[in-house]
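Below is one structure; the comments refer to it alone.
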Amino acid sequence: MYDRILLPTDGSKGVDRAIDHAIDAAERYDATLHVLYVVDSDVVNAYSGDEFVDGSEGASETLEERGREALDEVASHAADAGVETVTELVYGVPHEAVLSYIDDEDIDLTVMGSKTRSGDYRRMLGSVTERVSRQSTAPVSIVKTTVSE
């Protein structure tokens, strides 16, 4: 039923359940698990620099490092389960990059974590998961995790 499953990750706590679900689905359907980390270009472009940060290490390098660690962690868990993975780190607006990846890689199912927070918080910041689930051409499975504020 599914040959290519996508797990977008931001490396934060709370996506652990989504990782488990994505690996389980990939294992069950003998699918390739695509793991995507998006370096938010809006965050990188808004960074004005900091005198306490080494000049060779700015927001871009820090976010890339975090992304590579998140990708490696998921790939390691998937390898332990015998699941083939493809990892990708891209720059862009998160929901747009995820939607492009879904179309470009012909993804059959996207598994996304969603941190359950108050309505005010969600209205203030929006939700990548919500945008992807509404606009994706492929099915999206949302794995909820409650996060205390």
Side-chain angles (χ1 to χ4, degrees), residues 1-29 31-50 53 56-79 83-147 149:
M1 181 172 218
Y2 302 118
D3 294 320
R4 290 165 301 283
I5 297 173
L6 173 63
L7 172 72
T9 183
D10 62 3
S12 67
K13 298 289 184 201
V15 297
D16 298 344
R17 291 185 65 222
I19 292 169
D20 293 341
H21 279 263
I23 291 172
D24 181 63
E27 189 175 18
R28 179 172 301 158
Y29 293 106
T32 299
L33 179 62
H34 292 247
V35 187
L36 178 66
Y37 183 93
V38 181
V39 176
D40 190 335
S41 56
D42 289 342
V43 171
V44 172
N45 293 335
Y47 181 72
S48 62
D50 185 299
V53 175
S56 66
E57 185 177 310
S60 176
E61 291 81 6
T62 301
L63 292 172
E64 256 190 55
E65 182 179 324
R66 180 177 177 188
R68 295 211 187 283
E69 289 171 359
L71 293 171
D72 290 346
E73 180 182 341
V74 175
S76 175
H77 288 309
V83 170
E84 178 185 347
T85 60
V86 173
T87 60
E88 185 80 28
L89 185 142
V90 299
Y91 279 76
V93 176
H95 76 280
E96 292 173 359
V98 171
L99 290 165
S100 291
Y101 193 93
I102 290 168
D103 291 339
D104 294 347
E105 297 299 324
D106 199 22
I107 297 297
D108 301 307
L109 172 68
T110 302
V111 178
M112 298 186 75
S114 178
K115 299 174 194 109
T116 305
R117 294 188 168 119
S118 70
D120 289 341
Y121 182 92
R122 182 169 300 280
R123 278 192 298 276
M124 189 170 68
L125 293 181
S127 167
V128 172
T129 300
E130 184 178 358
R131 290 175 182 160
V132 170
S133 68
R134 287 184 184 184
Q135 298 176 35
S136 177
T137 56
V140 177
S141 177
I142 299 171
V143 181
K144 294 184 178 184
T145 301
T146 302
V147 176
E149 297 179 46

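Sequence positions, counted from 1, serve as the residue numbers for this chain.
With a 4.5 Å cut-off on side-chain heavy atoms, V74 and T85 do not count as touching. Side-chain contact between P8 and V128 is absent, with no heavy atoms from C-beta onward closer than 4.5 Å. Contact annotation: the side chain of T32 approaches that of V86 to within less than 4.5 Å [non-hydrogen atoms, C-beta and beyond].
Shown here for A26 and V83, the closest heavy-atom pair between the two residues is CB-CG1, 3.6 Å. What you find for Y37 and A70 is that their closest heavy atoms are CD1-CB, 4.3 Å. Contact between I142 and S114 at its shortest, heavy atoms only, is CG2-CB, 3.5 Å. Scanning all heavy atoms of the two residues, the minimum distance from A75 to T87 falls at CB-CG2, 4.1 Å.
Considering only residues two or more places apart in sequence or on other chains, H77 meets the ring pair (Phe, Tyr, Trp, His ring centres under 6.0 Å) condition with none of them. Residues forming a side chain to side chain donor-acceptor pair (under 3.5 Å) with R28 (at least two apart in sequence, or on another chain): D24. Partners of D10 under the salt bridge (charged side-chain N to carboxylate O under 4.0 Å, His left out) rule, at least two apart in sequence or in another chain, are K115.
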Working for side-chain contact (heavy atoms from CB on, under 4.5 Å), residues D40 and L63: CA-CA 8 Å; D40 190 335; L63 292 172; 5.6 Å; no
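A salt bridge (Lys or Arg N to Asp or Glu O under 4.0 Å) check over residues 133-142, counting only residues at least two apart or in different chains, returns the pairs E130-R134.
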Review item, side-chain donor-acceptor pairs of residues 97-113, under 3.5 Å, at least two apart:
residue : atom : partner : partner atom : Å
S100    : OG   : E96     : O            : 3.1
Y101    : OH   : H34     : ND1          : 2.7
D103    : OD1  : T137    : OG1          : 3.0
D106    : OD2  : R4      : NH2          : 3.2
D108    : OD2  : D3      : N            : 2.7
D108    : OD2  : R4      : N            : 2.8

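Atom CG of D16 is separated from atom OG1 of T9 by 8.5 Å, given to the nearest 0.5 angstrom.
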